[in-house]
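In what follows, chains are A, B, ... by sequence order, proteins preceding strands, each numbered from 1. Treat the numbers as computed from the prediction; the structure is a model and nothing was measured.
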Number of protein chains: 2
Amino acid sequence: MIEADIFKALADPTRRKVFEKLAGGSLNASALRDGLEISQPAMSQHLAVLRAAGLVREQRQGRFVNYEVDPDGIASIGTWLARYRAYWPKRIEALADLLKDMDQ
Amino acid sequence: MIEADIFKALADPTRRKVFEKLAGGSLNASALRDGLEISQPAMSQHLAVLRAAGLVREQRQGRFVNYEVDPDGIASIGTWLARYRAYWPKRIEALADLLKDMDQ
DNA sequence: CCGACACATAAGCATACACTTATGTGTCGC
DNA sequence: GCGACACATAAGTGTATGCTTATGTGTCGG
């Protein structure tokens with residue numbers, strides 16, 4: 001069950017902050033620590049959890065490891081959410097429209 | 001931070017099962033226990049967590065309490081997910097289209 | 001009223017998890 | 001090669017969490 005890993009990963013506030021940072025572009029583990037008062041091993045462990053959940057993926061570059069958002073994780077949340085579409089309020093449908101328009 | 005409560009609530013497999021059951025229609029606490037081998041207090045506690053997260057809402061009916069999916073919770077996940085739209089893969093966009101069409 | 005029922009809350013306990021420090025692995029410049 | 005650096009892993013620890021049993025609250029039928 002992938003969903004379990006995804007929701008568990010996102011349940012932690014630090015990991016959500018990391019994920020949000022990565023949404024702005026790929027960063028290496030050290031850069032991700034900026035602003036967050038967290039030890040290096042802690043960040044490494046958080047990144048491992050996010051990666052195991054399929055939310056981020058890594059790309060080794062020399063002695064740096066660049067992390068970026070993994071679209072597959074986003075897709076998993078999207079498909080999960082779609083199962084509850086019957087309960088989507090009108091404003092979410094409207095949001096979907098807006099986003100689609102922006103895509104043009 | 002509402003998101004924290006939402007993701008924490010959905011991180012538990014039992015609570016996700018409960019939520020999925022409710023997606024099929026409103027049920028009372030006892031009915032929700034069917035199939036899940038869980039004690040009555042455990043279910044009560046899970047429902048409290050889901051309610052605190054804004055994922056479900058209750059409606060007292062006599063000595064029964066009917067629970068149903070709360071669209072507000074769904075909306076919260078939707079808006080959170082929208083922030084990462086840049087990483088939505090093509091198939092999610094396609095899914096959004098499909099869902100919108102089904103709505104007609 | 002009073003017993004039965006549906007559910008919530010309290011208290012205690014075992015496990016999961018997020019953190020720490022210490023150490024390991026791999027890459028770079030000199 | 002060797003020290004410095006970027007990151008991962010190991011081991012230990014405090015706290016959060018999900019479970020249990022016991023009890024409380026509120027509603028119904030007789």
Determine: side-chain N/O of A:N28 to OP1/OP2 of D:dC7, distance under 4.0 Å, yes or no. yes
From D:dC7, D:dA4, C:dA8, pick the nucleotide closest to the side chain of B:E58? C:dA8
Rounded to whole Å, the CZ-C1' distance (B:R60 to C:dC5) equals 11 Å
Parallel under 30°, tilted from 30 to 60°, perpendicular over 60°: which one fits the rings of A:W80 and B:F19? parallel
Is it true that atom NZ of B:K21 has more than 12 heavy atoms of other residues, nucleotides or ligands lying nearer than 6.0 Å? yes
Any sub-3.5 Å donor-acceptor pair from A:W88's side-chain atoms to A:A82's backbone N or O? no
Measure CZ/B:F64 against C1'/D:dC28 and give the value in whole Å, please. 10 Å
Does any non-hydrogen side-chain atom of B:R57 lie less than 4.5 Å from one of B:Y67? no
For nucleotides 18-22 of chain C, tabulate all protein N/O to nucleotide N/O atom pairs closer than 3.5 Å, reporting atom names and distance.
from   : atom 1 : to    : atom 2 : distance (Å)
C:dA18 : OP1    : A:R15 : NH2    : 3.3
C:dA18 : OP2    : A:R15 : NH1    : 3.2
C:dA18 : OP2    : A:R15 : NH2    : 3.2
C:dC19 : OP2    : A:H46 : NE2    : 2.1
C:dT20 : OP2    : A:S39 : OG     : 2.7
C:dT20 : O4     : A:Q45 : NE2    : 3.1

d(CZ, B:R63; P, C:dA8) in whole Å: 15 Å
Can you tell me how far the CD atom of B:E58 sits from the CG atom of B:D70, to the nearest 0.5 Å? 11.5 Å
Please check this pair: side chain of B:R51 against backbone of B:V56, looking for a donor-acceptor N/O pair closer than 3.5 Å. no
Rounded to whole angstrom units, what separation is found between the CZ atom of A:R33 and the C1' atom of D:dC7? 11 Å
Would a 4.5 Å heavy-atom cut-off, applied to side chains only, mark B:L36 and B:M43 as touching? yes
Check the distance between D:dT9's C1' and A:R51's CZ and give it to me in whole angstrom. 12 Å
Tell me: CG of A:N66 to C1' of D:dC7, nearest whole Å? 12 Å
Is the shortest side-chain N/O distance from B:Y67 to OP1 or OP2 of C:dA8 below 4.0 Å? yes
Could you tell me the separation between the CG atom of A:D34 and the P atom of D:dA6, rounded to a whole number of Å? 12 Å
Atom-to-atom span, CE of A:M43 to P of D:dA8 - whole angstrom: 10 Å
